[in-house]
Amino acid sequence: MDNKLEKIVQVLQGKFGAAFEEFRDEAHVFISAEHIIEALTVLRDEHEFALLSTLTAVDYWPQEAPRFHVIYQLTSLVQNLSVQLRVPVNGSQPKVPTATGLFQAANWREREVYDMFGIEFEGHPDPRRILMPEDWNGHPLRKDYPLGYEEPQFTFNFDEIDLRKPSPKE
Amino acid sequence: MSEFQLQEIPVGPYKHLVSERALTGETMMLNMGPQHPSTHGVLRLLLELDGEIVVNCIPDIGYLHTGVEKNMEAKTYQKAEVMSDRLDYMNPIGNNLAYVMAVEKLVDLDVPERAQALRVILTELQRISSHLVWLGTSALDIAAMSVFLYCFREREIILDIFELVSGQRMMTTYLRPGGVWRDVPVEFETAVRNFIKIFPKRIDEYESMLTNNPLFLDRVAGIGKLSREDALSFGATGPNLRASGVNWDLRKARPYCGYEQYDFSVPTHTRGDVFARYIVRVQELRESLKIVEQALDKLPLGPVHSENRKFVPPPRSEIGVSMESLIHHFKLWTEGFPAPKASVYSAVESPRGELGVYLEGDGGPKPYRIHWRTPSFENLEILPIMAKGHLVADLVAIIGSVDIVLGDIDR
């Protein structure tokens with residue numbers, strides 16, 4: 001791993017007691033939800049990580065504690081480095097403080113994570129769904145949400161399936 | 001069917017996004033899209049207008065949401081690749097590249113040099129074709145009709161080259177984990193050389209119609225300004241970021257597929273308006289062509305995919321004579337190959353910016369989680385900032401200049 005990146009990881013470990021993983025030269029730092037805003041501020045203001053490349057989540061269902069990891073991928077253009085912060089979140093009423101105050105890019109990405117995983121971002125200025133319709137039930141990228149399929153219609157069961165098919169609302 | 005009714009949009013759900021004047025009815029709320037020729041797909045905008053001036057702009061996306069990320073979790077690594085073409089339909093080969101590079105990083109797979117060079121040639125041709133569609137349609141949005149026809153003429157030549165190498169014009173799935181599908185035919189080099197020969201003059205032609213055209217300049221100069229700080233905070237990448245004065249290109253900063261061997265420059269501009277984004281992309285056309293020419297000159301001979309049979313299927317001819325090959329072939333196409341229980345993030349420079357793939361394996365043959373960091377998503381998010389204070393007609397020019405692809409945004 002790069003020397004500069006190692007120093008940054010050490011700073012995070014010293015400040016937040018963070019666990020750390022390395023895989024294929026990538027640094028993954030585990031930070032708790034209450035420290036995440038502080039950690040992002042340190043990275044942005046002291047180590048020039050100006051770009052929040054992406055913000056997403058992973059669901060480890062049926063594991064409950066922690067069920068989700070919220071992932072922050074940060075890029076520093078000046079130092080040409082990347083670092084990934086991972087925030088473990090429990091399954092019941094998952095909540096993470098919002099990063100919109102630091103990175104504008106977090107606004108839509110957090111809405112997407114809320115839409116797809118049902119993780120709430122406290123203090124988000126616009127907490128609506130973004131990709132799914134407003135009246136949608138459930139959060140599609142959760143592992144306990146079925147993929148769904150369409151039943152193939154043949155001549156012998158055409159009418160039967162036709163009756164069960166959902167039709168667009170009036 | 002019921003008779004036609006005029007539906008009014010309630011302001012209630014958007015109260016926190018509009019100004020107070022909208023609540024008293026002083027300003028007007030207007031719906032634009034999702035079916036609108038200048039929204040480049042199905043983008044819906046809710047506009048708050050003071051006369052003809054945009055006070056607020058609320059993008060509404062998701063009309064093309066197909067659940068690609070969820071669907072990919074149910075497919076093996078090889079089969080999921082087919083879906084990656086369909087995300088950003090202006091840049092299928094670039095999407096393939098982002099995906100196969102993430103898979104290769106996850107399973108630690110080598111790629112031979114000839115395959116790397118072919119990947120560079122094809123993704124750069126794809127970049128040119130994507131920029132041509134952008135140039136044509138965004139010029140068409142502001143009423144420069146003839147540019148559109150010329151751009152599509154040249155794009156057709158590139159699509160013919162894709163058809164030559166992969167059998168498909170658009171959804172090629174030509175790049176595969178470990179290399180490319182198969183070697184290019186003998187006609188490939190002549191076809192690309194012909195394109196390299198004619199294309200510089202064609203770029204001059206487009207520029208002669210636009211760059212110094214006073215009618216065009218009136219529509220683009222000083223419109224939709226994006227400051228460097230806003231661009232970075234909103235996560236803009238690609239030509240939009242470079243037009244705001246930030247020199248950041250993943251091909252230069254973190255070279256992949258051997259980009260470090262090629263001599264090219266990264267065009268930037270400082271004005272950050274629609275004109276700057278136009279200039280940056282037109283210069284990128286020339287730079288991409290330079291890369292294609294160098295890569296074609298250097299194109300090494302040799303295999304086009306990895307010899308690691310645990311991940312790359314054996315050639316057809318071996319299956320009849322080798323027991324191991326038959327087993328590998330059977331295992332790869334029924335079960336797929338396993339990937340370690342770990343995650344990687346790998347990014348490439350697509351025509352629109354940083355196209356990243358977060359890929360997590362669980363030890364089995366299917367991705368546990370795949371997330372596409374698509375550049376258009378972040379680029380569209382800045383639209384309200386750029387549109388504020390401009391006319392509705394200018395909004396059309398701004399949407400065009402951002403170069404969004406809705407398939408890329410909604411996934």
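Here is the naming used below: chain letters follow the sequence lines, and residue numbers restart at 1 for every chain. Given the structure is predicted, the values throughout are model-derived calculations rather than measurements.
- Within the 4.5 Å cutoff, side-chain heavy atoms of A/H28 are placed close to those of B/S343.
- Using a 4.5 Å cut-off between heavy atoms, B/T66 does not touch chain A at all.
- Of all the listed residues (A/M116, A/E21, A/E112), the one sharing the greatest number of non-hydrogen pairs under 4.5 Å with chain B is A/E112.
- Counting heavy-atom pairs under 4.5 Å between each of B/E229, B/E73, B/E354, B/R373 and chain A puts B/R373 at the top.
- With chain A as partner, the option from B/R254, B/H65, B/R411, B/E69 having the largest number of non-hydrogen pairs under 4.5 angstrom is B/R254.
- Residue A/D59 touches chain B through its backbone alone, counting heavy-atom pairs closer than 4.5 Å.
- Of all the listed residues (A/P125, A/A105, A/S82, A/P140), the one sharing the greatest number of non-hydrogen pairs under 4.5 Å with chain B is A/A105.
- Contact annotation for B/L106: both backbone and side-chain heavy atoms come within less than 4.5 Å of a heavy atom of chain A.
- Between chain A and the options B/S233, B/G67, B/A347, B/G62, heavy-atom pairs under 4.5 Å are most frequent for B/S233.
- No donor-acceptor distance shorter than 3.5 angstrom exists from the side chain of A/R24 to the backbone of B/V344, with no hydrogens or angles considered.
- We find that A/R86 and B/E360 are joined by a salt bridge, their nearest charged nitrogen and carboxylate oxygen being less than 4.0 Å apart.
- Of the atoms belonging to A/L74, not a single heavy atom falls under 4.5 Å from chain B.
- Using a 4.5 Å heavy-atom threshold, the side chains of B/Y358 and A/Q73 count as separate.
- Residue A/Q93 qualifies as open at atom CD: its count of foreign heavy atoms under 6.0 Å is 12 or below.
- With a 4.5 Å cut-off on non-hydrogen atoms, A/P133 does not touch chain B at all.
- Of the atoms belonging to A/R129, not a single heavy atom falls under 4.5 Å from chain B.
- Interface remark: of the candidates A/R128, A/E26, A/Q84, A/E26 forms the most heavy-atom pairs closer than 4.5 Å to chain B.
- When side chains are defined from C-beta on, B/Y63 does not count as touching A/L131, because their heavy atoms never get closer than 4.5 Å.
- The candidate from B/D108, B/N71, B/D362, B/T237 with the greatest count of non-hydrogen atom pairs under 4.5 Å with chain A is B/D108.
- Across B/A236, B/A231, B/A342, the residue that shares the most heavy-atom pairs under 4.5 angstrom with chain A is B/A342.
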Let me see the working for A/L77 and B/N247 under side chain to side chain contact (heavy atoms under 4.5 Å, CB included), right down to the final yes or no.
-> CA-CA 9 Å; A/L77 309 191; B/N247 188 338; over 6 Å; no
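- Side-chain atoms of B/K70 come within 3.5 Å of backbone N or O of A/R142 as a donor-acceptor pair.
- If you tally non-hydrogen atom pairs under 4.5 Å between each of A/D115, A/L52, A/I130, A/L102 and chain B, the highest count goes to A/I130.
- Contacts between B/P375 and chain A at a heavy-atom distance below 4.5 Å are absent for every atom of the residue.
- Interface remark: B/D230 contributes no atoms to any contact with chain A (heavy atom separation under 4.5 Å).
- Annotation: cation-pi pair A/K143/B/Y368 present, NZ/CZ under 6.0 Å from the ring centroid and within 45° of its normal.
- Contact of the A/N107 side chain with the B/F234 side chain is not registered, since no non-hydrogen atoms from C-beta on lie closer than 4.5 Å.
- Heavy atoms closer than 4.5 Å to chain B are found in the side chain of A/E134, but not in its backbone.
- For the residue pair B/R369 / A/T56, a side-chain donor-acceptor distance below 3.5 Å is found, with atom types taken as modelled.
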Steps toward side chain to side chain contact (heavy atoms under 4.5 Å, CB included) verdict (A/T54, B/W372) | CA-CA 9 Å; A/T54 194; B/W372 287 83; over 6 Å; no
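- For the pair B/Y345/A/I71, no side-chain contact is recorded, criterion being any heavy-atom separation below 4.5 Å from C-beta on.
- Only the side chain of B/I58 comes within contact range of chain A, with heavy atoms under 4.5 Å apart.
- For B/E381, the parts lying under 4.5 angstrom from a heavy atom of chain A are both the backbone and the side chain.
- Between chain B and the options A/S53, A/A57, A/A50, the largest number of non-hydrogen pairs under 4.5 Å is found for A/S53.
- Ranked by heavy-atom pairs under 4.5 Å with chain B, the first of A/F103, A/Y145, A/F23 is A/F23.
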